[in-house]
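So you know, we letter chains A, B, ... as the sequences are listed, proteins then strands, and number each from 1. Remember, predicted model here, so these are calculated numbers, not experimental data.
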2 protein chains.
Amino acid sequence: MTRSLKSALRPAQGGGEMPEQMMTARALKAAVSHGNGLLEKLLDALQADVTERLLSQATLHDVDVGETLIERSVRSESVGYVLDGTLAMVQVLEDGKKHIVGLLVPTDIFGRLFDGTANYRIEALSAARILCFPRAFFEQVLRDNPEAERLFLVHLLDEVDAAREWLLLMSGRKAVNRFASFLSILLRRSKSKRIGGQAVVHVPLSRKDLAHYLGARPETLSRAFHELEGKGILRIIDPGHFEVLDKQALIDASGDDLTLDD
Amino acid sequence: MTRSLKSALRPAQGGGEMPEQMMTARALKAAVSHGNGLLEKLLDALQADVTERLLSQATLHDVDVGETLIERSVRSESVGYVLDGTLAMVQVLEDGKKHIVGLLVPTDIFGRLFDGTANYRIEALSAARILCFPRAFFEQVLRDNPEAERLFLVHLLDEVDAAREWLLLMSGRKAVNRFASFLSILLRRSKSKRIGGQAVVHVPLSRKDLAHYLGARPETLSRAFHELEGKGILRIIDPGHFEVLDKQALIDASGDDLTLDD
DNA sequence: CGATGTGGTTGACAACGATCAATGTCCCCT
DNA sequence: AGGGGACATTGATCGTTGTCAACCACATCG
């Protein structure tokens, strides 16, 4: 649980495991090309030889649930790109209390550039696959390519906006509202993945983590979406997958409170 | 209340008002030099002649309480710097509901650079004095000065962190906790202003706005800090000024976090 | 195969906060 | 000075949610 960057991000010692970090640059490029996150945009903007060199320095890592990738107040020497799984940004207070302040899903990038140290811990909420770039090299690429750096800057502007969107979500009054907002955002973000005609949303968090993130208790959450299920807005496939039956009603439920009379 | 950017940020027509936008560059520099925000750092990093030119293009504006400076989804042609007063970033939902998602206090900069349009409205919560730079010129300065652009980038990283800090504040605890957190942050941010030996915090928001921002009702807030006053943690001077009597107790009162155990 | 542990759900109850209503204060306006 | 309005506060009541508890499904392990 408290394994630090040093062990978590060091290439796996030659053991029984497949040495995945030796993937070819082409294979890596294929692995990231499906998304439309920052990294893809950066790779598009760079000269072919630069992307080649950047990818050649990348290493692939498997992390287990609960592993800490980057510890707070520690200067990380890597920049990470999420291929698979879910990570959390965890704010750790002095007295040891923790709070999830953000999620990292596939195509997200993490790791503080240019300046200072991380302000929160990066922790795996599920098993995950991570692509790691040497931070110094990554920074140098940005320095050498103003256009890429501007992409990064615009990306940061978007991140600030996203953070404020979460703020808006959190200010939702009732727990049902917050959960509905959360599902709506997840639905919007991952609309590429559809199963059949219906939209199935994968919630990559345990009940406890999700409740914590949304500022509620597992019990309250449970009641929240069983209420939504009762309204016919969604169907609980298993505690991790929700089928959204009525998208508009879900959005409505995230805004104003449901009229509970029927 | 709904005056748009066009009227609010256009140099005041020659009328009875003092033409304040004609301040000398030296006077402007003096006006911003007291803080340690982004703008000061940028001016420090730039060549003297560049800062001179930048400041020569700045205009000073007085805004009244309730004025809208930048409308959502409108591309602003200005970058603003808060000299005095308090502005709010207001998210406007489709149904006309509004929500404050961030505050702007003196030395803060606002206005989206390089890309796209504003995602929220900028609204004055109190009378304020704003310094405006032409956006295009501001961007050009950053383009021409990589060091300045990097300062801006690091500033954005800080903003993301700040937004997440607010998220931490907002997350589901009791109203007293949120208010105590809020005061703590304000206390930390404006520690330069002290009156006598005691710390007096100026809360630049009406009860309604503050309640809205903290996700509570005015009534609840009122009870919250009268509770803190009863405990001897602070003293209410007037509904806008609080004297913090026991800083540590205030921080403790903000502490009751939902615990996310390991 | 039962013992044990973990995560999710459900129920009962109390605490917290929203809502409604009333009062007081200050400021602006005529 | 008097009246209207905005704002802050206080009290009463009710809905929502946190808390404590039990229960269930399921996986792991001896």
Side-chain angles (χ1 to χ4, degrees), chain A residues 1 64-66 86 97 99 125-127 170-182 202-231 234-242 253-254 256-261, chain B residues 1 64-66 86 97 99 125-127 170-180 182 202-230 234-242 253-262:
Chain A
M1 182 68 178
D64 289 334
V65 47
T86 306
K97 281 172 192 153
H99 200 277
L125 293 176
S126 70
M170 288 298 302
S171 66
R173 304 127 94 261
K174 293 191 274 195
V176 203
N177 303 142
R178 293 201 294 270
F179 175 68
S181 293
F182 178 78
H202 173 54
V203 178
L205 290 167
S206 73
R207 285 282 183 274
K208 194 172 23 163
D209 287 336
L210 180 59
H212 189 80
Y213 186 40
L214 296 182
R217 301 282 144 184
E219 299 94 325
T220 308
L221 259 201
S222 180
R223 287 173 181 118
F225 46 67
H226 278 91
E227 175 186 335
L228 291 180
E229 187 176 39
K231 293 274 166 210
L234 52 82
R235 190 170 64 87
I236 306 170
I237 301 171
D238 67 66
H241 295 273
F242 298 86
S254 69
D256 235 328
D257 41 0
L258 300 172
T259 42
L260 296 171
D261 43 298
Chain B
M1 182 73 176
D64 290 334
V65 46
T86 306
K97 281 181 186 138
H99 202 279
L125 293 176
S126 70
M170 287 294 302
S171 55
R173 302 162 299 171
K174 292 191 278 188
V176 203
N177 304 138
R178 291 202 296 270
F179 176 68
F182 177 78
H202 172 54
V203 177
L205 290 168
S206 73
R207 285 281 182 274
K208 199 185 355 178
D209 287 335
L210 180 58
H212 192 77
Y213 187 40
L214 295 182
R217 300 285 138 187
E219 300 94 325
T220 307
L221 261 199
S222 180
R223 297 183 228 281
F225 46 66
H226 280 91
E227 175 186 335
L228 291 180
E229 188 176 40
L234 53 81
R235 189 170 65 86
I236 306 169
I237 301 172
D238 66 67
H241 295 272
F242 298 86
S254 71
D256 268 6
D257 198 2
L258 300 165
T259 46
L260 176 71
D261 39 32
D262 302 43

With the criterion being N/O to N/O and under 3.5 Å, what pairs connect the protein with nucleotides 13-19 of chain C, and how long is each?
{"from": "C/dG17", "atom 1": "OP1", "to": "B/A175", "atom 2": "N", "distance (Å)": "2.6"}
{"from": "C/dA18", "atom 1": "OP2", "to": "B/T220", "atom 2": "OG1", "distance (Å)": "2.4"}
{"from": "C/dT19", "atom 1": "OP1", "to": "A/R173", "atom 2": "NH2", "distance (Å)": "2.9"}
{"from": "C/dT19", "atom 1": "OP2", "to": "B/R217", "atom 2": "NE", "distance (Å)": "3.1"}
{"from": "C/dT19", "atom 1": "O4", "to": "B/R223", "atom 2": "NH2", "distance (Å)": "3.3"}

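In this structure, the ring pair (Phe, Tyr, Trp, His ring centres under 6.0 Å) partners of A/H241, at least two apart in sequence or on a different chain, are A/H202. B/H99 is linked by a side-chain hydrogen bond (donor to acceptor under 3.5 Å, both in side chains) to A/S171, counting only residues two or more places apart in sequence or in another chain. Taking A/Y213 as the reference, A/W166 meet the ring pair (Phe, Tyr, Trp, His ring centres under 6.0 Å) condition, with sequence neighbours excluded. B/S126 pairs by the side chain to side chain contact (heavy atoms under 4.5 Å, CB included) definition with B/T86, not counting sequence neighbours. The side chain to side chain contact (heavy atoms under 4.5 Å, CB included) search around B/E227 returns B/V176, B/K231, not counting sequence neighbours.
A straight line from CD1 of A/I237 to P of D/dA25 spans 20 Å, rounded to a whole angstrom. Rounded to an integer number of Å, the gap from A/R207 CZ to C/dT10 C1' is 14 Å. The distance from atom CZ of A/F179 to atom C1' of D/dT16 is 18 Å, rounded to the nearest whole Å. Residue A/K208 contributes atom NZ, which lies 13 Å from atom C1' of C/dG5 at whole-angstrom precision. Between A/D238 atom CG and D/dC26 atom P there is a gap of 11 Å when expressed in whole angstrom units. Going from atom NE2 of B/H212 over to atom C1' of D/dC7 covers 17 Å, rounded to whole Å. Here C/dT9 presents its C1' atom at 13 Å from CZ of A/F242, a figure rounded to the nearest Å. We find that CZ of A/F225 is positioned 12 Å from C1' of C/dG7, with the value rounded to whole Å.
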Could you tabulate the donor-acceptor pairs under 3.5 Å formed by side-chain atoms of residues 215-222 of chain B, not counting sequence neighbours?
none

Decide yes or no on side-chain contact (heavy atoms from CB on, under 4.5 Å) for B/I237 and B/F242, but give the supporting numbers first. CA-CA 6 Å; B/I237 301 172; B/F242 298 86; over 6 Å; no
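Comparing the axis of the opening five pairs of the helix from C/dC1-D/dG30 to C/dT30-D/dA1 with that of the closing five pairs yields an angle of 30°, rounded to 10°.
Note that the CZ atom of A/R178 and the CG atom of A/L214 stand 7.0 Å from one another [nearest 0.5 Å]. How far CZ of B/R223 is from CG of B/L228: 14.5 Å, rounded to the nearest 0.5 Å.
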